[in-house]
Amino acid sequence: MRTSLFAILASLPVFSFAQSAADENLVQYVRPIIGTQRMGHVYPGATVPFGMVQLSPDTDTIPYEMNGKYNPDVYKYCAGYQYDDKTIVGFSHTHFSGTGHSDLGDFLIMPTVGELQLNPGVADKPRSGFRSAFSHATEVAEADYYKVKLEDYNVLAELTTSARVGMHQYTFPATEQAHIILDLMSGIYNYEDKNVWTFVRVENDTLVTGWRQTNGWGRTRTEYFALSFSKPFVQYGGRNYSRKQVYRGFWGKFDQNHNFPDIAGRQIRMYFDFHTKEGEQIKLKMALSSVSTEGALLNLRTEVPGWDFQRVKQEGQAWWNRELGKARIEAGKDEKENFYTSLYHAFINPTVYMDVDGSYRGLDQVNHKAEGFTNYTTFSLWDTHRALHPLFNILEPARNADMVRSMLVHYDQSTQHMLPIWSHYANENWCMSGYHSVSVVADAIVKGNAPFDANKALDACIATSQHRDFMGLGAYIDKGYVPAEGSGTSVSNTLEYAYDDWSIAQAAEKLGRRDVYAAYMKRSENYKNVWDASIGYMRPRMADGSFKKEFDVLSTNDQGFIEGNAWNYSLYVPHDPAALIAMMGGKQRFVRHLDSLFTMELPDKFFAETEDITRDGIIGNYVHGNEPSHHVAYLYNWTDQPWKTQERVRMIMKKQYRNAPDGLGGNDDCGQMSAWYIFSALGFYPVAPGSDQYALGSPAVNGAVLHLENGKELVIEAQGQSEKNVYVKKVVLNGQPLNRRFITHQEILAGGKLVFYMSEKH
């Protein structure tokens with residue numbers, strides 16, 4: 001019956017756009033430049049979906065440390081690029097997308113002309129080094145393609161990638177002084193001691209291999225490379241900028257700075273010289289591996305065996321078109337550009353982390369081989385558990401299952417026997433709070449996307465949640481909350497642990513493990529232990545049970561919360577909104593509180609000491625630029641005024657997402673900000689991952705077709721949708737009124753037709 005009903009619905013003429021749009025090139029709507037100015041922290045360069053290489057320009061060399069202290073200016077360069085900068089230092093091969101802390105920036109390449117300079121110089125004196133001025137007028141940023149004119153050298157730079165290979169194409173003027181610099185010192189969030197060791201081997205006059213190990217956010221991160229040139233270089237050299245070593249052996253017998261093929265040290269820059277004709281193109285291929293230079297060469301020869309730049313670009317953009325085509329929307333050009341740029345940003349991370357033969361470096365610093373799955377890294381789980389991984393469970397379920405498998409091998413290799421907190425490149429960096437990998441695992445289990453040993457996965461979740469020496473977890477287990485003594489984030493830790501515990505309970509219920517379900521449902525109520533009924537807010541609690549005396553509900557600094565204040569975090573009970581509403585005085589009082597959150601004014605002084613929260617991402621006192629509030633607009637659905645969810649969601653989309661370089665109100669955080677937009681534009685959102693329900697909102701598209709991996713299609717139609725018609729009169733699913741405020745995961749996967757009837761009045 002369901003199949004025949006869908007056949008009838010699919011044949012209706014209302015969605016004729018689906019047929020005409022089936023072959024539409026969606027890459028044309030991707031604008032990687034959105035979010036590169038100010039707070040978005042995304043990069044404009046080239047990458048394929050979930051690619052291991054992110055080849056992008058870096059616009060400055062701001063150090064992480066100055067005079068022994070943290071340099072706050074470095075925060076702007078989490079992705080290596082800031083739109084307002086006037087110079088480009090070079091093009092490096094690894095970048096995070098939208099993070100609020102950083103690493104990477106490996107293996108920077110810079111083409112130059114004229115007198116050789118091996119120092120990048122400084123921004124206010126660009127000719128003091130090898131950096132070059134550039135203009136946005138000559139800059140082109142597309143999915144898997146970037147182009148810019150390096151004005152000081154009259155060199156046109158073009159970039160594209162495969163999954164594991166970055167390809168460069170440089171068009172030179174006529175000169176006998178053409179250089180390509182390989183900067184092995186450069187990095188993002190860099191400092192003098194970040195490079196542990198570097199090795200370079202010049203194999204012949206077109207092939208160079210090597211590796212670099214760095215310290216920092218990833219304290220034992222090792223990357224190998226193989227660099228191939230389309231034209232032999234006429235000579236080469238390098239310089240070791242390392243501080244004087246106590247002992248260097250007997251390598252001083254050689255001139256290691258000129259045409260010497262075996263270079264090692266901490267701080268190395270190389271150069272390769274060419275003679276070029278007017279308009280001559282020199283192409284480079286840089287392949288990466290976490291395992292060996294042999295692995296990098298295998299990746300290079302497998303993925304990009306030839307020198308056809310246009311073919312690599314076309315294949316990468318075709319790949320993007322297939323991925324973007326999983327959600328085809330009907331909307332105006334601006335809306336399409338916002339939507340598909342968001343989908344593009346959502347499909348960048350996590351990133352593939354293995355060679356073409358499945359080999360990868362594990363958390364135990366031993367080489368492994370992924371058998372039967374693709375291994376991934378770059379898990380920003382405090383952010384992405386909220387909406388990104390739930391989005392993958394709809395549009396990328398097989399990939400999400402492999403991401404869970406990757407978390408499970410992380411667990412197996414961990415000396416702490418914990419699932420990842422925030423991990424990248426065979427390193428756990430322990431950033432942020434909670435143990436939100438359990439949310440991702442539980443969401444996959446509950447939604448039936450668990451082609452792995454689900455009981456073993458649940459055991460890993462339980463073990464992670466019982467690690468007593470992790471961020472006050474022992475006290476949380478004993479007392480039911482994290483005490484304020486010794487923890488500046490005691491309240492947010494408690495609230496996030498409680499939600500994570502609830503998600504463990506949901507997975508346990510799905511698997512029939514009733515004892516685990518009962519224990520973790522009890523733990524999931526621990527949010528009540530930091531609720532101060534006398535003031536109506538969550539509040540830090542001392543070890544003796546008393547509440548902290550000095551407390552300001554508006555401040556984000558030293559009040560018990562991470563990247564938020566009591567107003568926002570007091571609403572963080574996504575797993576039990578009904579209980580939260582009752583605790584806050586009932587539906588009417590709760591609505592007034594939510595209304596105040598969106599309409600009050602938060603003076604700058606209350607977030608002046610935090611770099612993660614700025615005016616860009618704030619509406620009233622609602623902080624959309626940071627993730628803990630992402631579910632808040634949907635909480636009106638648990639009151640008698642669900643129309644306010646519809647109103648607020650559309651308002652947030654309009655104010656926080658714009659088709660402009662500064663069009664993101666906060667860090668995109670590996671796709672979480674973008675995933676919020678995608679869900680909200682389609683008309684529903686996962687308030688509590690681990691549940692099979694998605695709260696309904698107000699679609700901002702006229703219609704959409706979701707092409708699901710199971711072969712089904714969900715057609716979404718928003719009749720009468722417009723900028724004014726933000727309210728939903730009724731919702732109909734497969735011809736039947738949906739008399740509730742949510743849709744289930746199984747209803748989405750079953751396909752069919754979901755119709756929103758929109759109105760100007762609520």
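The first residue of the sequence shown is numbered 1, and numbering continues consecutively from there.
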Next on the checklist: Taking ring pair (Phe, Tyr, Trp, His ring centres under 6.0 Å) as the cut-off, I'd like each qualifying pair that reaches into residues 318-343, sequence neighbours left out, listed once.
Outcome noted: Trp320-Tyr344

Checklist entry - Hey, which of Asp58, Thr61, Asp85, Thr59 is the one that makes side-chain hydrogen bond (donor to acceptor under 3.5 Å, both in side chains) with Tyr77? => result Asp85

Item to check | Tyr677: partners by ring-ring contact (aromatic ring centres under 6.0 Å, His included), with sequence neighbours left out | outcome: Tyr657

Checklist entry - At their closest point, which heavy atom of Lys326 faces which heavy atom of Glu709, and how far apart are they? => result NZ-OE2, 4.0 Å

Checklist entry - Is any side-chain heavy atom of Asn299 less than 4.5 Å from a side-chain heavy atom of Met52? => result yes

Item to check | Pairwise salt bridge (Lys or Arg N to Asp or Glu O under 4.0 Å) hits with a residue in residues 146-167, at least two apart | outcome: Arg127-Asp152, Arg164-Glu303

Checklist entry - Taking the six-membered ring for Trp, are the ring centroids of Phe134 and His136 within less than 6.0 Å of each other? => result yes

Checklist entry - Is there a side-chain contact between Arg648 and Tyr634 (heavy atoms, below 4.5 Å)? => result no

Checklist entry - Does the side chain of Glu24 come within less than 4.5 Å of Lys336's, by heavy atoms? => result yes

Checklist entry - Donor-acceptor pair, Asn621 side chain versus Leu597 backbone, under 3.5 Å? => result no

Checklist entry - Do you know which two heavy atoms are closest between Ser698 and Val728, and how far apart they sit? => result CA-CG2, 4.3 Å

Checklist entry - Counting N and O atoms only, with roles assigned by atom type, does the side chain of Asp668 sit under 3.5 Å from a partner on the main chain of Ser674, one being a donor and the other an acceptor? => result yes

Item to check | Nearest non-hydrogen partners of Met354 and Thr374, listed with the distance | outcome: CE-CA, 3.8 Å

Next on the checklist: Filter on salt bridge (Lys or Arg N to Asp or Glu O under 4.0 Å), then keep only pairs touching residues 25-44, sequence neighbours left out; what's left?
Outcome noted: Arg38-Asp616

Checklist entry - When you check the side-chain N and O atoms of Gln719 and Glu717, is any donor under 3.5 Å from an acceptor? => result yes

Checklist outcome for this item: Met167 and Val304 have their tightest heavy-atom pair at SD-CG1, 4.2 Å

Checklist entry - Among all residues two or more places apart in sequence or in another chain, which pass the ring-ring contact (aromatic ring centres under 6.0 Å, His included) test with His101? => result Tyr189, Trp217

Item to check | Worked verdict on Asp106 versus Ser92 for side-chain hydrogen bond (donor to acceptor under 3.5 Å, both in side chains) | outcome: CA-CA 6 Å; Asp106 296 302; Ser92 63; over 6 Å; no

Checklist entry - So, do Ile109 and Tyr170 sit near enough that their side-chain heavy atoms are less than 4.5 Å apart? => result yes

Next on the checklist: Is it true that Ser380 and Trp422 share a donor-acceptor pair across their side chains at a distance under 3.5 Å?
Outcome noted: yes

Checklist entry - Can you list every salt bridge (Lys or Arg N to Asp or Glu O under 4.0 Å) pair that touches residues 619-633, not counting sequence neighbours? => result none

Next on the checklist: Looking only at the aromatic ring of each residue, does the gap between the centers of Tyr353 and His424 stay below 6.0 angstrom?
Outcome noted: no

Checklist entry - Under 6.0 Å between ring centres, would you say that holds for Tyr727 and Phe756? => result no

Next on the checklist: Test side-chain contact (heavy atoms from CB on, under 4.5 Å) on Ile34 and Asn659; report intermediate values, then the result.
Outcome noted: CA-CA 6 Å; Ile34 293 175; Asn659 189 348; 3.5 Å; yes

Checklist entry - Is any side-chain heavy atom of Ile33 less than 4.5 Å from a side-chain heavy atom of Tyr83? => result yes

Checklist entry - Do any N or O atoms from the side chain of Asn667 and from the backbone of Asp669 form a donor-acceptor pair under 3.5 angstrom? => result no

Checklist entry - Hey, is Asp144 close enough to Lys313 for a salt bridge, meaning N to O under 4.0 Å? => result no

Next on the checklist: Would you say the ring centers of His389 and Phe392 fall short of 6.0 Å from each other?
Outcome noted: yes

Next on the checklist: Using 30° and 60° as the class boundaries, would you call the ring planes of Trp676 and Tyr685 parallel, tilted or perpendicular?
Outcome noted: tilted

Checklist entry - His385 side chain to Trp382 main-chain N or O, any donor-acceptor pair under 3.5 Å? => result yes

Next on the checklist: Side chains of Val113 and Asn154, heavy atoms from C-beta outward: is any pair under 4.5 Å?
Outcome noted: no

Checklist entry - Mind checking what makes side chain to side chain donor-acceptor pair (under 3.5 Å) contact with Ser406, not counting sequence neighbours? => result Asn375

Item to check | Working for side-chain contact (heavy atoms from CB on, under 4.5 Å), residues Arg399 and Tyr376 | outcome: CA-CA 9 Å; Arg399 201 181 297 273; Tyr376 289 87; 2.9 Å; yes

Checklist entry - Is atom CZ of Arg311 surrounded by more than 12 heavy atoms (other residues, nucleotides or ligands) closer than 6.0 Å? => result no

Next on the checklist: Among residues at least two apart in sequence or on other chains, which ones pass ring-ring contact (aromatic ring centres under 6.0 Å, His included) with His93?
Outcome noted: His168

Checklist entry - Does the pair Ser680 and Arg650 meet the rule for a side-chain contact (heavy atoms from CB on, under 4.5 Å), with working shown? => result CA-CA 8 Å; Ser680 296; Arg650 291 290 288 273; over 6 Å; no

Checklist entry - Looking at residues at least two apart in the chain, or sitting in another chain, which of them share a ring-ring contact (aromatic ring centres under 6.0 Å, His included) with Tyr145? => result none

Checklist entry - Between CD1 of Ile62 and CD of Gln82, what distance do you get to the nearest 0.5 Å? => result 10.5 Å

Checklist entry - With Ser56, which residues qualify under side chain to side chain donor-acceptor pair (under 3.5 Å), at least two apart? => result none

Next on the checklist: Let's go through Glu142 and Gln317 carefully: what are the C-alpha distance in whole Å and the side-chain angles of both, what is the deciding distance for side-chain hydrogen bond (donor to acceptor under 3.5 Å, both in side chains) to 0.1 Å, and is it a yes or a no?
Outcome noted: CA-CA 9 Å; Glu142 300 175 359; Gln317 293 196 332; 2.9 Å; yes

Checklist entry - Which residue pairs satisfy the ring pair (Phe, Tyr, Trp, His ring centres under 6.0 Å) criterion with at least one member in residues 26-49, sequence neighbours excluded? => result His41-Tyr75, Tyr43-His95

Checklist entry - What closest approach, in Å, do Ala633 and Val649 show between heavy atoms, and which atom pair accounts for it? => result CB-CG2, 4.0 Å

Next on the checklist: Considering only residues two or more places apart or on different chains, which pairs with a residue in residues 674-686 satisfy salt bridge (Lys or Arg N to Asp or Glu O under 4.0 Å)?
Outcome noted: none

Next on the checklist: One thing to verify: whether Asp60 and Arg131 come together as a salt bridge, which I'm taking to mean a side-chain N less than 4.0 angstrom from a carboxylate O.
Outcome noted: yes

Next on the checklist: I want to check something: taking the side chain as every heavy atom from C-beta on, are Leu706 and Leu682 in contact at a cut-off of under 4.5 Å?
Outcome noted: yes

Checklist entry - Is it true that Glu713 and Arg328 make a salt bridge, defined as a side-chain N closer than 4.0 Å to a carboxylate O? => result no

Item to check | Smallest separation among heavy atoms of Ser423 and Thr377, with atom names | outcome: O-OG1, 4.0 Å

Item to check | Contact check, side chains of Glu563 and Thr556, non-hydrogen atoms, under 4.5 Å | outcome: no

Checklist entry - When you look at Glu396 and Phe50, which way does the side-chain contact (heavy atoms from CB on, under 4.5 Å) test go after all the steps? => result CA-CA 11 Å; Glu396 300 274 1; Phe50 309 98; 4.0 Å; yes

Item to check | OG1 on Thr645 to CD on Glu647, rounded to 0.5 Å | outcome: 10.0 Å

Item to check | Thr378 side-chain N/O to Pro350 backbone N/O, donor-acceptor pair under 3.5 Å | outcome: no

Checklist entry - Does a donor on one side chain sit under 3.5 Å from an acceptor on the other, for Asn449 and Asn393? => result yes

